[in-house]
Amino acid sequence: MRKSILAAVALGATAVTLAACSSSGGGSGSSSTPPAGNSSSSSSSTTSGGTEVGVILPDTTSSDRYVQYDAPLLTKAFQDAGIKADVQNAQGDKTKFQTIATNMIGEGVKVLLIDSIDAPSGAAVESAAKAAGVQVIDYDRTNLSGGGSAAYYVSFDNEKVGELQGQGLLDGLSAAGKTSNAQVIEVDGGTDVDNNAVLFKQGARKILDPAQTAGKIKIVSDSVDKGWDVNQVNGIFTQALTANGGKVDGVLSANDGIAQAVIGVLKSNGLAGKVAITGQDASIPGLQSILQGNQYMTVFKDVSKEADAASKLAIALVKGQDPTSAGLTLTDFTVPGNSNGSKAVLLSPEVITKKNVEDVVTAGAVKVADLCNGIQSACDAAGVK
C-alpha cells in the first residue's frame with residue numbers, strides 16, 4: 001500500500017519536474033578535492049533489512065569529485081556505521097534523478113541525501129519525499145531557490161567562496177602592480193541552474209564592486225557559462241576579450257575548469273602568465289596552473305569534511321537522534337527572496353596560492369606524484385614534496 005501511494009506521489013513529482021525543466025544535464029561547479037577513491041554507484045550495509053539512506057549524486061562530467069571522492073567516502077561512512085545505504089549517480093539526467101528518487105522512496109528509505117542537478121527537479125524530489133515522510137538533506141547545493149523543502153543542508157560557505165575569489169583577484173592584480181583601472185573579465189558558472197553559483201557571484205561582488213567604485217578595477221564584461229558547460233567558455237571569453245580590444249588584466253573565473261579554458265585562450269593570444277586568474281576546486285589542472293604561474297589562486301574545499309558531516313547528519317536522523325549529538329553545529333539558512341529555510345552545516349573554504357599549494361597535499365586531497373607529473377621543476381621551485 002505504501003509503495004502504491006509513493007509511486008503516485010512520485011509520478012506527480014515527475015510531471016512537475018518535466019514541466020519545469022526542458023533539458024537534462026548541468027554541473028555543480030561547487031566541486032572540491034578530498035582523499036581519493038573511485039566509485040559512482042554503490043551500496044553499503046552491515047545490517048539486515050531495507051535501505052535506510054538513499055544518496056543521489058548529480059553527474060560525472062562537471063567534476064570528477066562525485067566518482068572519485070563523494071561516492072566512496074559516503075559509502076564507507078555508512079558501512080562503518082552499520083547503516084544500509086544506496087549511493088547512485090544520475091549522470092546529469094533529471095529524469096533519471098527523479099526515477100532513482102522514486103525507487104528509493106518506494107523502498108522505504110528514511111533519509112535522502114541529494115546533490116541535485118538543478119533546483120526545480122530537486123524540489124520535486126523533495127516534495128515527493130516529504131509526502132512520504134522521508135527526511136531530506138541537500139548536499140553541496142540547496143534547492144530552496146527552486147521551492148525546495150529540505151530541512152537540512154550540508155555544504156561549504158559558498159558566499160565566502162566568492163569573497164575569497166574576489167579578494168584573491170585583487171591580491172593577484174596588486175602583486176602584478178595593477179592597482180588602477182585594471183581590466184577585469186568576469187566568467188560566472190551555472191548561475192542559471194545552481195544556487196551555489198549565485199552565492200559565489202554574490203560573495204565576489206561584495207569585494208569587487210567597492211574596488212570598482214574606487215577606480216582600482218573596471219569590470220569590462222560579465223558573462224555566464226550556462227549550466228557549468230565548460231565547452232562554452234572558449235567562445236564566451238574570446239568574445240569578451242575581443243570586445244575589449246584584446247586587453248585584460250584579471251579574470252574572475254568561477255572554478256578551475258573555466259580557468260583552464262580561459263588560460264587556453266590567453267595562450268593563443270600570447271597573454272598566458274600575464275593575467276591574474278581565480279579558480280575553485282583545487283583540482284590538479286588548477287594547482288598545476290598555479291605552480292606554472294598561469295593562475296593566481298583557487299579555493300580548496302575538502303570534500304572529506306563535507307562527506308563526513310553529511311553522513312553523520314544522515315546517520316543521526318536514521319537513528320532518531322538530535323544532530324548536535326553527532327558533534328554537528330547547525331545554523332539557520334535561507335535563500336534571499338524565499339521564505340523556506342533549513343538547518344545548515346556550513347564548512348570553511350581555504351585560499352590556495354603558489355605559497356601554500358602543499359596544503360592540499362597535506363590534507364590528502366592529491367598525491368605529489370600526480371600533482372607534479374610533467375611539471376617537476378615547478379614543484380621543486382615551490383617546495384612541493
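As the structure is a computational prediction, the values presented were derived from the model and not from experiment.
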Enquirer: Strictly by modelled atom types, are Ser174 and Asp171 linked by a side-chain donor-acceptor pair under 3.5 Å?
Expert: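 No.
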Enquirer: Under the 3.5 angstrom rule, does the side chain of Ser253 hit a backbone N or O of Asn255 as a donor-acceptor pair?
Expert: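 Indeed, once roles are kept as given, a pair shorter than 3.5 Å links the two residues.
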Enquirer: Work out which heavy atom in Ile236 is nearest to a heavy atom in Ser223; give both atom names and the distance.
Expert: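 Distance-wise, the nearest heavy atoms are CG2-CB, 3.3 Å.
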Enquirer: Quick one: list whatever passes salt bridge (charged side-chain N to carboxylate O under 4.0 Å, His left out) with Lys110, sequence neighbours left out.
Expert: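 Salt bridge (charged side-chain N to carboxylate O under 4.0 Å, His left out) list for Lys110, sorted by chain: empty.
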Enquirer: Does Gln239, at its CD atom, have more than 12 non-hydrogen atoms belonging to other residues, nucleotides or ligands within less than 6.0 Å?
Expert: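 No, because the 6.0 Å sphere around CD of Gln239 holds 12 heavy atoms or fewer from other groups.
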Enquirer: Which heavy atom in Asp59 sits nearest to a heavy atom in Tyr66, and how many Å separate them?
Expert: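 The answer is O-CD1, 3.3 Å.
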Enquirer: Show the numbers, then the answer: is there a side-chain contact (heavy atoms from CB on, under 4.5 Å) between Ile315 and Lys312?
Expert: CA-CA 5 Å; Ile315 291 165; Lys312 284 179 177 177; 5.7 Å; no
Enquirer: Any luck finding a side-chain donor-acceptor pair between Asp256 and Ser283 under 3.5 Å?
Expert: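 The answer is yes; a qualifying pair exists.
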Enquirer: Answer yes or no: is there a donor N or O on one side and an acceptor on the other, between the side chain of Arg205 and the main chain of Gly166, under 3.5 Å?
Expert: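 No, Arg205 side chain to Gly166 backbone: no donor-acceptor pair under 3.5 Å.
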Enquirer: So which atom in Val351 and which in Asn356 form the shortest heavy-atom distance, rounded to 0.1 Å?
Expert: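 Taking Val351 first and Asn356 second, the nearest heavy atoms are O-ND2, 2.9 Å.
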Enquirer: Please tell me whether Gln295 and Gln260 have a donor and an acceptor in their side chains that are separated by less than 3.5 angstrom.
Expert: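 There is such a pair between these side chains.
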Enquirer: Could you tell me if Asp86 and Thr51 have a donor-acceptor pair between their side chains, going purely by distance under 3.5 Å?
Expert: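 No, no side-chain donor-acceptor contact under 3.5 Å.
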Enquirer: Under the 3.5 angstrom rule, does the side chain of Ser127 hit a backbone N or O of Ala123 as a donor-acceptor pair?
Expert: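 Pair absent, no side-chain N/O of Ser127 close to backbone of Ala123.
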Enquirer: Does Gln321 use its side chain to pair, donor to acceptor, with the backbone of Ala326 at less than 3.5 Å?
Expert: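 Checked: no pair found.
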Enquirer: With a 3.5 Å cut-off and no angle check, do the side chains of Gln376 and Asp380 form a donor-acceptor pair?
Expert: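 The answer is yes; a qualifying pair exists.
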Enquirer: What distance do Leu252 atom CG and Phe200 atom CZ have between them, rounded to the nearest 0.5 Å?
Expert: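 Taking CG in Leu252 and CZ in Phe200, the distance rounds to 11.5 Å.
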Enquirer: Looking at Ile56, is its backbone amide N or carbonyl O close enough to the side chain of Gln88 to form a donor-acceptor pair, meaning the two atoms are under 3.5 Å apart?
Expert: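 Answer holds: no.
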Enquirer: Indicate yes or no for a side-chain donor-acceptor contact from Thr238 to the backbone of Asn234 under 3.5 Å, with no hydrogens or angles considered.
Expert: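 Indeed, once roles are kept as given, a pair shorter than 3.5 Å links the two residues.
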Enquirer: Does the pair Asn143 and Ser116 meet the rule for a side-chain hydrogen bond (donor to acceptor under 3.5 Å, both in side chains), with working shown?
Expert: CA-CA 8 Å; Asn143 294 310; Ser116 303; 2.9 Å; yes
Enquirer: Where is the tightest heavy-atom contact between Gly250 and Leu169, given as atom of each residue plus distance?
Expert: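 Reported closest heavy-atom pair: CA-CD1, 3.9 Å.
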Enquirer: For a side-chain hydrogen bond (donor to acceptor under 3.5 Å, both in side chains) check, start with the C-alpha distance between Lys301 and Gln280, then their side-chain angles and the critical distance, and finish with the verdict.
Expert: CA-CA 8 Å; Lys301 300 185 298 183; Gln280 178 185 179; 2.7 Å; yes
Enquirer: Here's a test for you: under side chain to side chain donor-acceptor pair (under 3.5 Å), which of Asn196, Asn158, Asp188, Thr191 qualifies with Lys201?
Expert: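 For Lys201, the side chain to side chain donor-acceptor pair (under 3.5 Å) test succeeds with only one of Asn196, Asn158, Asp188, Thr191, which is Asp188.
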Enquirer: Do Tyr139 and Asp70 get their side chains close enough for a donor-acceptor pair, meaning under 3.5 Å?
Expert: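 Side-chain D/A pair, Tyr139 to Asp70: present.
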Enquirer: Can you measure from CG (Leu57) to CD1 (Ile114) and round to the nearest 0.5 angstrom?
Expert: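 Answer rounded to 0.5 Å: 11.0 Å.
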Enquirer: Would a distance-only check, ignoring hydrogens and angles, find a side-chain to backbone donor-acceptor pair under 3.5 Å from Gln288 to Leu371?
Expert: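 Yes, Gln288 side chain to Leu371 backbone: donor-acceptor pair under 3.5 Å.
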Enquirer: May I ask you to decide if Gly227's main-chain N or O and Asp192's side chain share a donor-acceptor pair within less than 3.5 Å?
Expert: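 Confirmed, Asp192 side chain pairs with Gly227 backbone.
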Enquirer: What residues form a salt bridge (charged side-chain N to carboxylate O under 4.0 Å, His left out) with Lys343, not counting sequence neighbours?
Expert: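 Here the qualifying residues are Asp332.
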Enquirer: Taking all non-hydrogen atoms of both residues, which atom of Leu74 and which atom of Ala307 are closest, and how far apart?
Expert: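 So the minimum-distance heavy-atom pair works out to CD2-O, 3.6 Å.
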Enquirer: With a 4.0 Å cut-off, would you call Glu163 and Lys206 a salt bridge?
Expert: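 Answer for the salt bridge query: yes.
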Enquirer: Looking only at the side chains, is there a donor atom on one of Thr60 and Gln91 sitting less than 3.5 Å from an acceptor on the other?
Expert: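 Result is yes, a qualifying pair exists.
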Enquirer: For Lys226, is there any backbone N or O sitting under 3.5 Å from a side-chain donor or acceptor partner on Gln232?
Expert: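 At least one qualifying donor-acceptor pair exists.
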Enquirer: If a pair satisfies disulfide bond (SG atoms under 2.5 Å apart) and one of its residues is in residues 101-131, list it, with sequence neighbours excluded.
Expert: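 Listed once each, the pairs would be none.
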Enquirer: So, the side chain of Gln183 versus the backbone of Asn181: is there a donor-acceptor pair under 3.5 Å, distance only?
Expert: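 Judged by distance alone, yes, a pair lies under 3.5 Å.
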